[in-house]
S.K.: 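Mind having a look at this structure? Questions to follow.
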Number of protein chains: 2
Amino acid sequence: MNRHFSTERDHPCGACGFRATSIWWPVTRDCRTRLERGFNRRQLASEEMIYAQGAPGDTVYCLSRGLVALRSMRPDGHYSFVRLVRPGDIFGFRSFLEMQPHDTEARTLVASRVCVVAARDARAVVEGSPRVMGNLALRCAEELRRSRQLRAHSRRGDNRARLLRLIRDLSADQGPDPDGILRFRLPLSRADIAAALGLAPETVTRSLRRLSEAGALRISGRQVELPAQMVEQDA
Amino acid sequence: MNRHFSTERDHPCGACGFRATSIWWPVTRDCRTRLERGFNRRQLASEEMIYAQGAPGDTVYCLSRGLVALRSMRPDGHYSFVRLVRPGDIFGFRSFLEMQPHDTEARTLVASRVCVVAARDARAVVEGSPRVMGNLALRCAEELRRSRQLRAHSRRGDNRARLLRLIRDLSADQGPDPDGILRFRLPLSRADIAAALGLAPETVTRSLRRLSEAGALRISGRQVELPAQMVEQDA
DNA sequence: CGGCTCCTTGAGAGGCTTCAATTGACGTGG
DNA sequence: CCACGTCAATTGAAGCCTCTCAAGGAGCCG
């Protein structure tokens, strides 16, 4: 068994833009080989299902481009919006760590590209390269912090502010502003926004109209115009 | 360096009741020695501070008896209730993993006993015994799942039901029922309950009164009487 | 007993939800 | 080309819930 760690040049993530922050590093040469064979880059269209709720957790995913929504269905028919996955994020790992079926479903919001690692390979890599588990734990801890923050913010403070923050958040990945106004297409439906904020869709509509009347943004359908100074002020 | 793993007989957690689910296992003999030297069992009174928000994250804690509250203060003076730590749980680990100061404060709710491991020792153990990191990641993943569940439940469904569930949850550790009614002392103040549920303390009082009128429980101050059949029905 | 903290109760106001109906966009089929 | 179904988004009305502000108990300790 070759226990030498791979050098930067033969990083298992290859030319992926997020190799610098990859969790698959450093790994032994053996693991690198295994990963390169196991890696599977998939190009996905919009609204495509990556895994369903209840599906076996036999893969770890890394989003390299696009946007993915993690949603959790509930028996009463309602669903809650669990998490927005951005490029560079990994997902499906909770299920991998707990060795349980996915309790969320993952679906692309826009055309996306994901790297897929089979849990079998991931487990082998973790065995051979312990620091990978440390990376995974770190990601998990960060996600936990984020989840707690969301929970803390979910009640206090008015929903209008939270809504605006969410929209700004969604704009962060989009290109910069041409003439001082940031224009982009909202990747979430009103129902998604409502679920993410814990509101009713109608309330989202009404809140958006109030924000619009207050001059905080202009929105028509999914087309958003966000004044640039509004983006900076809350950094 | 002795790479042999310790046997069950010389478990680093000694006679602790939670050794069977300890994250410090399996470890090499060296690590075991280090842990046994590093372990520090502390007996704490009620309402005692374990660490403050902003304190350096230089320790990992394991609660072996009692109850601990993790709270997060906010600039506006309000605080939110982040998590309830039960016997067998570990805490302070997020800060350990991220190598960041604690962003919550930990305080005992009742007389408690905690095991303290210095981050320095914990890091050494993780180096020598990779599976410990796996255990830690697993705990983190479980905590993440719990946090998400709380978030999903935090809006939908009325608060009365959530309040009752919280109270039942708090009773779970207490002894069984003598005559069909479960009596115990509530470890949380109204303000804590309110923060945990994202409500105002007044609303908690009113909701409790309504629950009381509906016959779901009897409560006077912190003394609770919970009909036993109510405990079983929602399992 | 005063002072303290926690809990309770009251009243008014505002926000959110639900139900229900309407509008608009889009694709299908006559 | 237009009617139609479907789906998302919007609007309106009524009602409940919770919030805030404020004042009044209850228990505890010096």
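First the proteins, then the strands, lettered A, B, ... as listed; each starts at 1. These figures come from a predicted structure and were not determined experimentally. In what follows, every heavy atom counts, from backbone to side chain, and hydrogens, waters and symmetry copies are set aside.
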S.K.: Please identify each residue that fulfils salt bridge (Lys or Arg N to Asp or Glu O under 4.0 Å) with A/R210, with sequence neighbours left out.
M.R.: none

S.K.: With sequence neighbours excluded, what pairs up with B/M99 under the side-chain contact (heavy atoms from CB on, under 4.5 Å) test?
M.R.: B/R123

S.K.: Who pairs with A/R113 by side chain to side chain donor-acceptor pair (under 3.5 Å), at least two apart in sequence or on another chain?
M.R.: A/S64

S.K.: Using the test side-chain contact (heavy atoms from CB on, under 4.5 Å), find all partners of B/S22 that sit at least two apart in sequence or belong to another chain.
M.R.: B/H11, B/C13, B/W24

S.K.: If you compare every side-chain N and O of A/N159 against the phosphate oxygens of C/dC16 (OP1, OP2), does one of them come in below 4.0 Å?
M.R.: yes

S.K.: Which pairs of donor and acceptor atoms, one on a side chain in residues 215-227 of chain B, lie under 3.5 Å apart (sequence neighbours left out)?
M.R.:
none

S.K.: Considering residues at least two apart in sequence or located in another chain, which fulfil the ring-ring contact (aromatic ring centres under 6.0 Å, His included) criterion with B/F91?
M.R.: B/Y61

S.K.: Can you check the B/I193 CD1 to C/dT8 C1' distance for me, whole Å?
M.R.: 14 Å

S.K.: Specify the separation, in whole Å, of atom CG of B/L211 and atom C1' of C/dT8.
M.R.: 16 Å

S.K.: Does B/S46 use its side chain to pair, donor to acceptor, with the backbone of B/L109 at less than 3.5 Å?
M.R.: yes

S.K.: Between the protein and nucleotides 12-14 of chain C, are there any N/O to N/O pairs under 3.5 Å, and if so, what are the atom names and distances?
M.R.:
none

S.K.: Name every donor-acceptor pair, under 3.5 Å, that has one atom in a side chain of residues 191-204 of chain A and the other anywhere in the protein, sequence neighbours excluded.
M.R.:
residue : atom : partner : partner atom : Å
A/D192  : OD1  : A/R71   : NE           : 2.9
A/D192  : OD1  : A/R71   : NH2          : 3.3
A/D192  : OD1  : A/Y79   : OH           : 2.7
A/D192  : OD2  : A/R71   : NH2          : 2.6

S.K.: To the nearest angstrom, how far is A/R160 atom CZ from D/dC19 atom P?
M.R.: 17 Å

S.K.: For nucleotides 7-13 of chain D, read 5' to 3', which letter fits each nucleotide if B means a protein heavy atom sits under 4.0 Å from the base, S means only the sugar-phosphate is that close, and - means neither?
M.R.: --SSBBB

S.K.: Rounded to whole Å, please give me the gap between CG in B/D158 and C1' in D/dT18.
M.R.: 13 Å

S.K.: Specify the separation, in whole Å, of atom CG of B/L197 and atom P of D/dC19.
M.R.: 10 Å

S.K.: Using atom CG of B/L199 as one end and atom C1' of C/dC7 as the other, report the distance to the nearest whole Å.
M.R.: 16 Å

